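Whatever order the structure lists them in is the order used to number ligands and atoms, beginning at 1. Being a predicted model, the structure only gives us computed values, none of them experimental.
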Amino acid sequence: MSLKSEYPQLEIDLKKLRENIEAMKLLCDRNGIEIAAVIKGFSGIARCVREYEDAGVSYIASSRLEQLEEAKNAGIKTKTMCIRIPMISEADDLVSVADCSLESEISVLCKVDKAAAAKGRIHEVILMADLGDLREGFWTTEELIEAALITENELKNLELVGIATNLGCYGSIEATAAKMNELIERAEAVEAVIGRKLKYIGGGATTSLPRLIDGDMPERINLLRIGEGIIYARDLPDFFNCDMSFLNNDVFTLKAEIVEIKTKASHPVGNITVDAFGHKNTYEDRGMRKRALAAIGKVDYCDFNDIYPRMKGVEVIGASSDHTILDIEDAECELKVGDIVEFDIRYGSGVFLTGSSNVKRVFV
Ligand SMILES: *Cc1c(COP(=O)(O)O)cnc(C)c1O
C-alpha cells in the first residue's frame with residue numbers, strides 16, 4: 001500500500017496508560033488482589049500489552065486467542081488467560097497460546113486436558129460460577145463441585161487454580177459485597193470436597209472495583225480481570241458514580257480531518273424516510289447552523305454517542321458509515337477544511353477504532 005494519509009488516527013499515550021496500570025495495581029495490591037489485565041478493549045495492541053507486562057500484572061487476558069498469540073509472538077512472557085470460555089474446536093490452539101482459561105463445560109475441560117497432554121503442558125483452569133448475570137458459568141453449586149472434582153482428580157493435565165464469576169455483562173447485575181460473599185461460599189464448598197485451598201477466587205471485572213473504592217471487598221477475593229477500568233476509566237464515574245479521578249481517561253485521542261464546512265438547515269428538507277442504516281431518526285430544528293463534516297464514520301467507531309469532541313462548543317449530531325456531522329456554530333475556535341478535530345473515546349468506540357485497519361495508530 002502506498003497511501004500516505006495519516007487520518008483518521010488514534011493516538012495512544014503509552015505513558016498515561018502505564019500510569020493507569022500502576023495506579024490500579026497499587027489499589028489492588030493494597031487489597032490483596034492480583035490483576036488479570038484484559039486487553040480486548042484495545043484489540044490487544046502489543047505495544048500497549050508491553051506496558052502491562054512491565055508494570056507486573058499477573059496475567060494478560062483476552063477473549064480472543066488471536067490477541068494472546070500476538071502477545072506471545074511479541075515476546076510477552078507474562079502468563080496469558082483466555083477469558084471467553086473456549087470453543088471446544090479451539091482446544092489445541094488454547095493450550096498453545098493461553099496458560100490459563102475460564103471454563104464452564106465438562107466436555108470442553110476433557111478436550112482441553114487431552115490437548116494439554118499432547119503438548120506435554122499443564123493448563124490452568126478457573127471454573128466459572130453464574131451468580132445471576134446469566135452469561136457463562138455453572139448454575140448450581142452441585143454442578144460446580146462435580147466439574148471441580150473431575151478437573152482435580154481425573155484430568156491430570158489441568159490444574160484447578162480457582163473459581164470466578166462474571167457480573168454486569170448480560171444481566172447487568174451489580175457486584176455487591178453480598179454477591180462476592182456468595183462466590184466465596186461456592187468456592188469454599190469446592191475447597192471442602194477437593195480438600196485444599198484454591199489459589200484464586202476471582203470476583204469479576206471493572207464493575208467489581210467499587211468494592212475496593214468503598215472498602216467492602218471481602219478478604220478472600222484475590223483476583224480481578226480488569227479491562228475498561230484501566231484503559232478508558234469512564235464507566236465507573238459515568239454509570240456507577242465512582243470517583244476514578246486518580247486515573248487518566250485520555251489515554252487515547254481520536255483525530256479526524258474536516259472535509260466540509262457549511263452553514264445549513266438543521267432539519268432535513270423534504271420527506272423523511274430512513275437513514276443509511278434503515279433507521280428512522282428524529283431531527284431537532286435549530287434553524288441555520290454552521291456544521292463540519294469529519295472524514296470518519298460509524299464503520300470506524302460504531303456509535304457516534306461514544307465519541308466526544310475535545311473542543312468546547314463542538315457537538316456530534318450524527319453520522320453515516322464514513323462521515324461524522326459536527327455542529328460547530330458555537331465552537332470556541334475557528335475551524336476550516338483540512339483542520340484536525342480531536343475526540344475522547346470510551347470502551348464502545350475504542351474496541352471498534354482499535355480493530356479497524358482504516359484507523360492509523362500513533363504512539364506517544
Ligand atoms: C471483557 C471481560 C472482562 C473485562 O471486562 P472490563 O469491564 O473491561 O473490565 C472480564 N472478564 C470477562 C469474562 C470478560 O469477557
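- In summary, the aromatic rings of Phe42 and Tyr232 are positioned with their centroids too far apart to meet the 6.0 Å limit.
- Summary of contacts: the protein heavy atom closest to atom 5 (O) of ligand 1 is Ala205 CB, 3.5 Å.
- Residue contacts with ligand 1, taken as heavy atom pairs separated by less than 4.0 Å, involve Ile83 via backbone and side-chain atoms alike.
- Residue Thr206 has at least one nitrogen or oxygen atom sitting less than 3.5 Å from a nitrogen or oxygen atom of ligand 1, judged on distance alone.
- Neither the backbone nor the side chain of Arg84 comes within contact range of ligand 1; no heavy atom lies under 4.0 Å.
- Considering backbone and side-chain N/O atoms, Arg135 comes within less than 3.5 Å of an N/O atom of ligand 1.
- Under the 4.5 Å side-chain heavy-atom criterion for grouping Ile, Leu, Val, Met, Phe, Trp and Tyr, Leu127 is not connected to Leu102 through any hydrophobic cluster.
- Two residues are said to be in side-chain contact when any heavy atoms from C-beta on lie closer than 4.5 Å; Cys28 and Ile226 meet this criterion.
- Taking the six-membered ring where the residue is Trp, Tyr200 and Tyr59 present perpendicular rings, their angle passing 60° and hence far from 30°.
- Less than 4.0 angstrom separates some heavy atom of Lys40 from each of these atoms of ligand 1: 1 (C), 2 (C), 3 (C), 14 (C), 15 (O).
- Not one N or O of Val38 is nearer than 3.5 Å to an N or O of ligand 1, by distance alone.
- For ligand 1 and Glu228, the ligand atoms under 4.0 Å from any heavy atom of the residue are 6 (P), 8 (O), 9 (O).
- A heavy-atom distance below 4.5 Å is not found between the side chains of Thr165 and Arg186.
- Close approach of ligand 1 to Glu136 (heavy-atom distance below 4.0 Å) involves ligand atoms 13 (C).
- The protein heavy atom nearest to atom 11 (N) of ligand 1 is Arg225 NE, 2.8 Å.
- In this structure, the side chains of Cys110 and Leu155 come closer than 4.5 Å at one or more pairs of heavy atoms.
- Those atoms of ligand 1 that come under 4.0 Å of a heavy atom in Tyr347, given as number and element, are 8 (O).
- When each atom of ligand 1 is checked for a heavy atom of Asn166 under 4.0 Å away, the hits are 11 (N), 12 (C), 13 (C).
- Close contacts of ligand 1 with Ile226, meaning ligand atoms under 4.0 Å from a residue heavy atom, involve 9 (O).
- Residue Lys15 holds its NZ atom at 4.5 Å from CD of Glu19, rounded to the nearest 0.5 Å.
- Side-chain contact between Lys179 and Thr176: present, with at least one pair of heavy atoms (C-beta onward) separated by less than 4.5 Å.
- The side-chain heavy atoms of His123 and Val125, taken from C-beta on, include a pair separated by under 4.5 Å.
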